[in-house]
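Chain letters run A, B, ... following the sequence lines, proteins first and then strands; every chain starts at 1. Any value given below was found using the heavy atoms of this structure, including those in side chains, with hydrogens, waters and symmetry copies removed.
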Amino acid sequence: MQNDNSTKISLDILTGLCKRRGFIFQSSEIYGGLNGFWDYGPLGTELKNNLRDAWWQDMVRSPPVGPDGEVVNILGLDSSIIQNPRVWEASGHVGGFNDPMSDCRESKSRYRADHLVVYLPQSGDGHGFACLTGNEADAEKRIRKQAKADPSAYKVIPFPELPAADLARIWGPDATGPGTLTEPRQFNLMFKTFIGAASGEDNLAYLRPETAQGIFTNYKHVVDTMRVKLPFGIAQIGKSFRNEVTPRNFIFRSREFEQMELEWFCHPDEAQKWYDFWVAERLKWWESLGIRADYLQRRDHDPDELAHYSTACADVEYRYGFTDPEYGELEGVAHRGDYDLTQHQTFSGTKLEYFDQETNTRVLPHVIEPSSGLTRGVLVLLNEAYREEFVPKGETEGGPIEAIPGSQPPEGYEKRVVMRFAPRLAPVKVAVFPLLKNRPELVEKAKAIHADLRRDWAVDYDQTGAIGRRYRRQDEIGTPFCVTIDFDSLEDDTVTVRERDSMHQERVAIADLRAWLHNKGL
RNA sequence: GCGGGUGUUGCUUAGUGGUAAAGCUCCAGCCUUCCAAGCUGGUCACGCGGGUUCGAUUCCCGCCACCCGCUCCA
């Protein structure tokens, strides 16, 4: 990716800033860390909570107007992370990911171990040959050619029953020599845990790999208690856990992550209409947060990549710097049909049909699922916000000049790093400074304004060092406004409000400050 | 999971078989009337565990984490 993009930044820079400024730390770092887990520091927590709250506000409390011009109805839920293990049998998560696999180091092929059989010499010595069940002729051919022996001198056993010590003398199906197959390994998507103090297989449980199933299992409760009519939605935000084979790319793919999921229940005849609506709506929502439109795209899944439960799926993708090709998933909007409710109806024996009073008919609703990664959203916000700029030394006339990340400023300029978060999402909204810290009257007034503003917003107070340094500190954590109390403030009760992006300053009466900030998007 | 690379303070680097230096950051004081100024002082590091050795941050082994590629990916 050598193109155009002067603002492309590396994950190294972002990871460094997140650590340096208290956004995101490696989990349990003092013990050497843990692959695939991350902790959110004070500012990362604020940022993540702000994104979470924006989603909740815009999806649950004040959702968009539907395609018919009617306000849609969406209700909130918070189901437990650990659920009856049968939930995951019904959902298809148990079973689908439990097959032991063996890799060939030479051919890079991966085989399901229960699909392989091994020809072993009756004599006990010499090479053995593995093949896929159904391809026995292939193995026998190789016995004649490679071992110059008759297949009848061999016994056939299932690959999983082969002692690990014998792997060294086995030829893989696609290998040109022995000893290339790895010991069969279990790939378990779900984290296992045990309920109760005594552990054993009979009290096995799982940490949920998605929040969606908790919605389906509560669907009937919501229908019965909340006087809802089709169509309606149930929304949930929470942690999910997946034993990813390869956690990579900072918080993009981690083993513990957070989802914001909506399950939209509707009449089967209307499902396509709602699918189209939600795909478009979700793309618009990310743009409304200030994400550059040319960094977002809709990608419809090909029929052959659809999951078993899904009849259509479209992703909202973002142009991360590291995903290949170029764009990577941020949110998936899936048309799940009636798969989930059918499964849970079958497995639980509980009727999950919706009874329509007006038409006197029963129907199993179809489901459209916009499911986005909250923690992936945080990564997108960080990536979108990061800028390096050149500023003339000692003054701000003309404002900052956008720079290529990692480049050095020309003579007379210095670099500033600024996080251009939308005010709504910024972890700190306002910082309050006395111009000088050794003038008690300035300090006192600044502290009073700080104490007042913090009733409404996350507000920093800083009196350390030169004023310019304090501005730059706030730039780097993305604080949109800084308020400075100077000697004029003591005379006329006005303050300087300095804007992060333009670095412009404006004189505002203290009495108007709260309203002024509100008008700027806080 | 495979292959390659990396690991000294918050960051960037220096260095050594005798437990570590510098710049920036950070903290305190002085100073400072709006964009990382200056002066003085200060805190903080050899990823973890073994081995060799009188002594290991340095040499050896194992592990862990991170980065790149492959693989995988609801």
Side-chain angles (χ1 to χ4, degrees), chain A residues 10-13 15-22 25-37 88 91-93 96-97 101-110 180 182-187 189-190 208-210 212-213 240-250 252-253 257 259 305-310 313 322 324 328-329 332 334 369 371 373 389 391-397 399-400 414-418 433-439 442 464-476 482-490 495-498 500 503-505 507:
Chain A
S10 76
L11 221 43
D12 276 350
I13 292 177
T15 310
L17 180 132
C18 282
K19 180 180 182 181
R20 193 169 71 249
R21 309 304 330 225
F25 308 119
Q26 192 178 8
S27 171
S28 45
E29 196 188 45
I30 62 169
Y31 288 101
L34 193 60
N35 191 351
F37 296 90
W88 309 109
S91 71
H93 288 90
F97 304 93
M101 308 288 282
S102 175
D103 291 316
C104 176
R105 294 190 192 92
E106 181 194 331
S107 69
K108 304 297 182 194
S109 304
R110 172 166 287 172
T180 64
T182 62
E183 210 172 327
R185 291 188 315 270
Q186 292 275 348
F187 281 81
L189 172 72
M190 288 191 291
R208 69 179 175 205
E210 63 175 23
Q213 298 304 324
S240 293
F241 305 82
R242 296 182 191 175
N243 256 320
E244 295 290 350
V245 178
T246 312
R248 274 282 170 95
N249 293 324
F250 197 28
F252 179 75
R253 177 175 289 123
F257 60 105
Q259 296 184 295
E305 63 176 318
L306 292 173
H308 59 283
Y309 51 76
S310 174
C313 188
F322 51 82
D324 184 42
E329 184 183 349
E369 177 195 80
S371 165
E389 296 174 340
V391 182
K393 274 185 185 165
E395 49 121 344
T396 61
E397 288 302 311
E414 58 197 6
K415 186 162 86 174
R416 79 159 181 161
V417 171
V418 56
F433 312 142
L435 183 59
L436 300 175
K437 75 168 170 191
N438 56 359
R439 301 291 200 284
L442 293 181
T464 309
I467 190 80
R469 175 180 297 277
R470 286 178 258 164
Y471 284 144
R472 297 300 165 77
R473 266 206 283 257
Q474 295 299 326
D475 288 341
E476 209 175 8
C482 294
V483 172
T484 299
I485 287 73
D486 61 13
F487 292 97
D488 290 343
S489 307
L490 303 175
V495 292
T496 301
V497 184
R498 180 263 198 185
R500 177 193 65 201
M503 301 172 77
H504 283 325
Q505 299 184 157
R507 207 67 195 175

- Please state how far atom CG in Asp475(A) lies from atom P in rU25(B), giving the value in whole angstrom units. 16 Å
- Note on the structure: When both distances are under 3.5 Å in a Watson-Crick or G-U wobble arrangement, the nucleotide paired with rU32(B) is none
- Can you tell me, in whole Å, how much space there is between the C1' of rU16(B) and that of rC72(B)? 44 Å
- Task: Both distances under 3.5 Å, Watson-Crick or G-U wobble: report the partner of rA37(B), or none.
- Result: none
- First locate atom CZ of Phe433(A), then atom CZ of Arg473(A), and finally report the distance between them rounded to the nearest 0.5 Å. 8.0 Å
- Task: For rC11(B), give its Watson-Crick or G-U wobble partner with both distances under 3.5 Å, or none.
- Result: rG23(B)
- Item | Watson-Crick or G-U wobble mate for rG17(B), both contacts under 3.5 Å | none
- Message: Please report the distance, rounded to the nearest Å, between CD1 in Ile30(A) and C1' in rU9(B).
- Response: 16 Å
- Item | Same-atom distance (C1') from rC31(B) to rG41(B), integer angstrom | 15 Å
- Item | Within-4.5 Å side-chain heavy-atom neighbours: Gln474(A) and Arg500(A) | no
- Query: rC26(B) and rC64(B): how far apart are their C1' atoms, nearest whole angstrom?
  - Reply: 29 Å
- How would nucleotides 28-34 of chain B be written as a contact map, 5' to 3', with B for base contact, S for sugar-phosphate-only contact and - for no contact, using protein heavy atoms under 4.0 Å? -S-BBBB
- Task: Remember a base hit wins even if backbone is also touched, and classify Arg253(A) as base, sugar-phosphate or nothing at under 4.0 Å, heavy atoms.
- Result: base
- Query: Which value, in whole Å, describes the distance between the P atoms of nucleotides rU32(B) and rA21(B)?
  - Reply: 34 Å
- Side-chain N or O of Arg473(A) closer than 4.0 Å to phosphate OP1/OP2 of rC26(B): yes
- Task: Go ahead and name the base partner of rC44(B); Watson-Crick or wobble counts if both distances stay under 3.5 Å, otherwise write none.
- Result: none
- Query: Under 3.5 Å, is there a donor-acceptor pair between the side chain of Arg248(A) and the main chain of Arg253(A)?
  - Reply: no
- Message: Give me the distance, rounded to whole Å, that separates rA45(B) from rC11(B) when you measure between the P atoms they each carry.
- Response: 13 Å
- Task: State whether a side-chain donor-acceptor pair under 3.5 Å links Ser489(A) with Asp486(A).
- Result: yes
- Flag, side chain of Arg469(A) to backbone of Thr464(A), donor-acceptor distance under 3.5 Å: no
- Task: Could you give the distance separating rA37(B) and rC24(B) at their C1' atoms, to the nearest angstrom?
- Result: 15 Å
- Task: Hunt down the Watson-Crick or G-U wobble partner of rC72(B), both distances under 3.5 Å, from any strand shown, or write none.
- Result: none
- Task: Name the residue closer to the 5' end of RNA chain B, choosing between Gly36(A) and Arg20(A) according to the nucleotide with the nearest heavy atom.
- Result: Arg20(A)
- Query: With both distances kept under 3.5 Å, what pairs with rU52(B), Watson-Crick or G-U wobble?
  - Reply: none
- Item | Lys19(A) NZ to rU9(B) C1', straight-line distance once rounded to whole Å | 10 Å
- Note on the structure: Here the pair of heavy atoms bringing Cys482(A) nearest to Tyr471(A) is CB-CE2, 3.6 Å
- Message: Nearest whole Å is fine: how far is rC35(B) P from Phe433(A) CZ?
- Response: 13 Å
- Query: Using the C1' atom in both, what is the distance from rA56(B) to rU8(B), to the nearest Å?
  - Reply: 14 Å
- Message: Could you go through Arg416(A) and Glu389(A), starting from their C-alpha distance and side-chain angles, then the distance that decides it, and tell me whether this counts as salt bridge (Lys or Arg N to Asp or Glu O under 4.0 Å)?
- Response: CA-CA 5 Å; Arg416(A) 79 159 181 161; Glu389(A) 296 174 340; 2.7 Å; yes
- Query: Taking OH from Tyr31(A) and C1' from rG7(B), how many angstroms apart are they, rounded to a whole number?
  - Reply: 20 Å
- Message: Taking rA14(B) as the reference, what is the distance to rC54(B) when you measure between their P atoms (whole Å, please)?
- Response: 32 Å
- Query: What is the distance from CG of Asp12(A) to C1' of rU12(B), rounded to the nearest Å?
  - Reply: 14 Å
- Please check the phosphate of rC26(B) (OP1 and OP2 only) for any side-chain N or O of Arg469(A) closer than 4.0 Å. yes
- Query: Tell me: CD of Glu29(A) to P of rU9(B), nearest whole Å?
  - Reply: 11 Å
- For rC66(B), give its Watson-Crick or G-U wobble partner with both distances under 3.5 Å, or none. rG5(B)
- Message: Using the side-chain hydrogen bond (donor to acceptor under 3.5 Å, both in side chains) criterion, which residues pair with Glu29(A)? Sequence neighbours excluded.
- Response: none
- Message: Regarding Ser91(A) and Gln213(A), do their side chains bring together a donor and an acceptor under 3.5 Å, going by distance alone?
- Response: no
- Message: What's Arg248(A) touching, base or sugar-phosphate or nothing? Going by heavy atoms closer than 4.0 Å.
- Response: base
- Specify the residue among Gln259(A) and Thr246(A) whose closest nucleotide of RNA chain B lies further upstream toward the 5′ end. Thr246(A)
- Heavy-atom pair with the smallest gap, counting every atom of Gly32(A) and Gln26(A): O-NE2, 4.4 Å
- Message: Which nucleotide wins on minimum distance to the side chain of Glu476(A), given the candidates rA36(B), rC68(B), rC11(B)?
- Response: rA36(B)
- According to a strict under-4.0 Å criterion, is Lys393(A) in side-chain N/O contact with OP1 or OP2 of rA36(B)? no
- Message: Without decimals, in angstroms, what is the distance between Leu34(A) CG and rC63(B) C1'?
- Response: 14 Å
- Message: Using a 4.0 Å heavy-atom cut-off, does Glu210(A) contact any base of the nucleic acid, only the sugar-phosphate backbone, or nothing at all?
- Response: nothing
